[in-house]
Engineer: 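Attaching a single structure in structure tokens format; questions to follow.
Both backbone and side-chain heavy atoms feed into the values below; hydrogens, waters and symmetry mates do not. Reminder, nothing fancy here: chain letters follow the sequence lines and each chain counts from 1.
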Amino acid sequence: MHKKAKMPVARQTAYLAAFTAGAILFSYAETYLSAAVIPIPGVRLGLANIMILSVLCAFGLKQAILVSLARTLVVSLLFSSLTSAVFSICGSLLSILVMFLLYRCKIFSLYGISVAGAMMHNIGQLLAAAVVTGSFSIFSYTPYLMLCAVITGIVIALLTNTVLTALQKIWKNERPEW
Amino acid sequence: MKPKKADFILFALPVVIALVCFWIFLPGEAGQTAVIRVDGETVQTIDLQTAKDQTIDLSLPYHNQIEIKDHAIRVTDADCPDRSCVKTGWIRSAGQTIACVPSKLTITITGDGGFDAIAGRKVW
């Protein structure tokens, strides 16, 4: 699908830092955007997943997990509580692992991978929330979250494709011996 | 970028899950009792059909103000970070739920008699 990056460690670190910054920025923007775009409480666009999915495709699983953890930590320290960090980490780890496995299958395009990622992120967060509140009644949110996952997942896939295409272009112009 | 054939399995999966959940959590007729739970423990049950209009203040990790009016219940105000409990608005049918995860608070409406608390519809 997309070529994996081959570059010196320092350069990769710089790229990952840029992606982490992007993910943090998207998470921040999204708290305002989501409320305006989607009227259902608890539903997010998942803009940060553009960055995570790009890193997953362009760099690999380990890098994607690192960027995701860094992003979650910074976002929860800056804008919300540590409890929400726990939900977020549960959701994003589950989502990254599933996206990675689907990516490895090679029969799915970014659309399917992104939708599954959105879905697993929701399921992970619901599970964590059910454990914390000690009540499974929170799962009555599931249908709305699942339907939104399909729509947001497709939008996120399109945006991720734009990022990855731009990245390929940049790397082509960089020194080819990397 | 075109979707591959296999993608449609992944598009269909959430829709199927959603439909199954809709069926499970199908709201029943107007619910009888509102159950307020904190950390899984029931702290208060309110008979919505007979309850007077009132507000309840809960000081959990965060402050949540609950209002009961016209056989319905909602969270009017909360100082938790996401405030999704407030955004949920009024609930009145069996099976509906308001959750405030930061406060570990859930408010669920249960039916009476043969109605299952979670499923909100006749089980037998």
Engineer: Following the transitive rule for hydrophobic clusters with a side-chain heavy-atom cut-off under 4.5 Å over Ile, Leu, Val, Met, Phe, Trp and Tyr, establish whether B/W90 and B/L105 coincide in one cluster.
Structural biologist: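 In one cluster: no.
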Engineer: For B/P102, is it the side chain, the backbone, both or neither that has a heavy atom under 4.5 Å from a heavy atom of chain A?
Structural biologist: neither
Engineer: Of all heavy-atom pairs between B/V101 and A/V132, which one has the smallest distance, and what is that distance?
Structural biologist: O-CG1, 4.1 Å
Engineer: Counting only heavy atoms not in B/Q54, do more than 12 sit closer than 6.0 Å to its CD atom?
Structural biologist: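 Above 12, so yes.
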Engineer: Closest approach of A/K106 and B/K4, non-hydrogen atoms and distance?
Structural biologist: O-NZ, 3.3 Å
Engineer: Membership question, hydrophobic clusters at under 4.5 Å side-chain separation (ILVMFWY): are A/I52 and A/L16 in the same one?
Structural biologist: yes
Engineer: Specify which of B/L13, B/I9, B/T106 makes the most heavy-atom pairs with chain A at under 4.5 Å.
Structural biologist: B/T106
Engineer: Distance from A/I107 atom CD1 to B/L10 atom CG, nearest 0.5 Å?
Structural biologist: 8.0 Å
Engineer: Can you hop from B/L58 to B/I46 via hydrophobic side chains spaced under 4.5 Å?
Structural biologist: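 Yes, B/L58 and B/I46 fall within the same hydrophobic cluster.
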Engineer: Counting only heavy atoms not in A/Y28, do more than 12 fall under 6.0 Å of its OH?
Structural biologist: no
Engineer: Are A/F26 and A/I151 connected in a single hydrophobic cluster, I mean Ile/Leu/Val/Met/Phe/Trp/Tyr linked by side-chain heavy atoms less than 4.5 Å apart?
Structural biologist: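 No, separate clusters.
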Engineer: What's the separation between atom OG in A/S109 and atom NZ in B/K2, rounded to the nearest 0.5 Å?
Structural biologist: 12.0 Å
Engineer: Test your reading of the model: is there a side-chain donor-acceptor pair from B/D7 to the backbone of A/Y111, 3.5 Å cut-off?
Structural biologist: no
Engineer: Please identify, among A/L102, A/L158, A/V115, A/I123, the residue contributing the most non-hydrogen atom pairs under 4.5 Å to chain B.
Structural biologist: A/V115
Engineer: Taking every heavy-atom pair that is under 4.5 Å apart, which of A/G112, A/A157, A/A116 has the most such pairs with chain B?
Structural biologist: A/G112
Engineer: Treating Ile, Leu, Val, Met, Phe, Trp and Tyr as nodes and any side-chain heavy-atom pair under 4.5 angstrom as an edge, say whether A/L66 and A/V75 lie in one connected cluster.
Structural biologist: no
Engineer: Where on B/P14 is there a heavy atom nearer than 4.5 Å to chain A: the side chain, the backbone, both, or neither?
Structural biologist: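 For B/P14, the contact with chain A is made by backbone and side chain together.
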Engineer: Between OG1 of A/T165 and CE of B/M1, what distance do you get to the nearest 0.5 Å?
Structural biologist: 8.0 Å
